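Residue numbering restarts at 1 for every chain, and letters A, B, ... go by the order of the sequence lines. Owing to the predicted nature of the structure, the values given are computational and were not obtained by experimental measurement.
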Amino acid sequence: MHEMSLAENVLQMIEEAAQAQHFSRVHTVWLEIGQLACVEPQSLRFYFDIVTQDSIARNAKLEIIDKAGQGWCNACRHLTRISSRHDACENCGSYGLQITDGDSMRISELEVE
Amino acid sequence: MCTTCGCSTHKARIFGVSDTPHHRAQTRLHYRSIPPQTVQEPQAVTLSATHAPGMNAKRILRIERDILTQNDAQARQNRDYFSKHHILVLNLLSSPGSGKTTLLVNTIRKLRERLPMAVIEGDQQTDRDAKRIRATGVPVIQINTGKGCHLDAHMVNRAMQQLPLQDGGLLFIENVGNLVCPASFDLGETHKVVLLSVTEGEDKPLKYPDMFHVAHLLLLNKCDLLPYVDFDMDQAVQYAYRIHPGLPVISLSATLGEGMATWLDWIETAHQGVAGKQVPDTSPAVLQLD
Ligand SMILES: Nc1nc2c(ncn2[C@@H]2O[C@H](COP(=O)(O)OP(=O)(O)OP(=O)(O)O)[C@@H](O)[C@H]2O)c(=O)[nH]1
Ligand SMILES: [Mg+2]
Ligand SMILES: [Zn+2]
Ligand SMILES: [Zn+2]
Ligand SMILES: [Zn+2]
């Protein structure tokens with residue numbers, strides 16, 4: 001049910017943008033979702049369709065852009081790609097990387113009219 | 001789900017009274033469509049137009065806002081309030097049944113002579129945990145999240161307004177039993193304390209890394225059961241370190257009291273940290289020009 005409240009947040013932000021920037025229809029929503037973010041994209045799609053039913057984003061296309069995870073290794077001082085928080089550094093095998101990218105979820109763009 | 005609009009969050013109830021969070025009330029959660037407006041010059045950066053410019057042309061708006069922006073903003077307000085009033089706030093997180101309420105009850109018994117305390121209880125249903133806390137004599141608010149699987153900063157804000165919170169005191173927030181998404185919701189707490197009981201297996205940090213990543217303290221509970229279960233304490237700590245190097249760990253038994261003294265010391269230190277902290281002036285500086 002967690003994705004339901006995230007979908008509600010997305011709609012609320014769209015409606016705020018609609019007031020500030022004067023549009024009345026949303027055709028496409030681009031969401032950028034980090035691989036390490038705590039969200040299930042399939043489930044978010046499902047709830048997005050439900051919560052936008054009677055809104056300006058009704059039938060809007062939801063485009064989800066995957067963002068790869070990235071961490072900083074303090075041991076070898078390299079940036080390394082990771083697909084989960086417990087991955088080891090690709091370069092030297094150390095654990096305990098500092099996450100530098102891919103842990104957030106954001107609305108990046110809207111196609112509106 | 002809410003019969004008015006199909007949303008889940010409306011189901012959040014504080015002591016059985018339906019909670020209509022004000023952020024929702026203000027911002028039309030009920031999905032009324034926004035009436036068409038006379039289109040003005042778009043104020044936003046228009047990156048590209050798919051049609052010729054003119055009335056009602058499709059356009060692309062760059063937004064770039066985090067989905068948790070609203071929660072984080074409310075959490076910041078909560079945190080400002082707590083720090084201004086020197087209140088230590090501990091957010092207790094674990095899967096269902098790890099011993100959060102048991103630990104709270106026994107901690108309160110030990111500390112109640114020394115510190116003013118209050119508790120916010122989060123569960124999907126029932127006020128059973130609030131009753132257990134109330135039996136200790138400490139003020140408590142129960143939040144029922146309905147189908148919701150975590151507390152958010154707005155729920156905490158509503159609950160804290162109904163609690164007697166004393167300056168220099170201690171507020172415990174028992175989150176909904178769930179090792180997954182409460183990790184993503186900042187409540188404005190001072191510290192997140194994660195419980196893992198030895199009956200759950202030592203691999204939980206690997207399976208639920210987000211929770212261990214955000215933790216400030218890990219409590220390994222139900223240590224009295226170690227002789228009866230196959231739980232490798234060192235391995236559990238090693239796994240936790242993979243996700244969060246240097247995470248402080250205390251092993252204890254909330255029922256029998258072993259390790260409780262170390263936990264109480266940790267609270268004491270955290271409490272001093274809050275009490276001694278200079279409150280930064282967050283109001284924007286105003287330059288007087290004439
Ligand atoms: N043996 C043993 N049992 C414990 C300990 N701590 C808690 N328990 C038992 O574990 C069960 C669940 O404890 P609770 O305190 O209700 O757990 P909780 O985390 O608050 O559970 P939820 O609020 O439902 O998520 C109860 O039967 C407790 O008596 C402990 O240290 N040792
Ligand atoms: Mg409980
Ligand atoms: Zn949740
Ligand atoms: Zn490395
Ligand atoms: Zn509703």
Task: Contacting region of B:His213 [heavy-atom separation from chain A under 4.5 Å] - done: side chain
Open item on the list: With a 4.5 angstrom heavy-atom cut-off, is it the side chain or the backbone of B:Phe185 that approaches chain A, or both, or neither?
Closed with: side chain
Rounded at 0.5 Å granularity, tell me how far [atom1] in [X] sits from [atom2] in [Y].
X        : Y        : atom1 : atom2 : value
A:Ser104 : B:Arg65  : OG    : CZ    : 14.0 Å
A:Thr28  : B:Ile60  : OG1   : CD1   : 6.5 Å
B:Lys58  : A:Glu113 : NZ    : CD    : 6.5 Å

Task: Atom group of A:Leu31 that falls short of 4.5 Å from chain B, counting heavy atoms - done: side chain
- [ ] Could you tell me which residues in residues 76-100 of chain A have at least one non-hydrogen atom under 4.5 Å from a non-hydrogen atom of chain B, sorted by residue number?
- [x] A:Arg85, A:His86, A:Tyr95, A:Gly96, A:Ile99
- [ ] Using heavy atoms and a sub-4.5 Å threshold, report which of residues 57-67 of chain A line up against chain B, by residue number.
- [x] none
Task: Atom OH of B:Tyr208 with >12 non-hydrogen neighbours under 6.0 angstrom - done: no
TODO: Quick one: closest heavy-atom pair of A:Leu6 and B:Leu68, and the distance?
DONE: CD2-CD2, 3.7 Å
Task: For the student: nearest non-hydrogen atoms of B:His150 and A:Ser5, plus distance - done: CE1-OG, 3.6 Å
Task: Salt-bridge contact A:Glu109-B:Arg59 (side-chain N to carboxylate O under 4.0 Å) - done: no
TODO: Could you tell me whether B:Glu64 and A:Arg106 have a side-chain N and a carboxylate O separated by less than 4.0 Å?
DONE: yes
Task: Heavy-atom pair count under 4.5 Å with chain A, highest-scoring of B:Pro209, B:Gly246, B:Cys181 - done: B:Cys181
Open item on the list: Can you tell me which residue among B:Asp66, B:Ile63, B:Leu61 is in a side chain to side chain contact (heavy atoms under 4.5 Å, CB included) with A:Ile107?
Closed with: B:Ile63
Open item on the list: Any non-hydrogen side-chain atom of B:Val180 less than 4.5 Å from a side-chain atom of A:His2?
Closed with: no
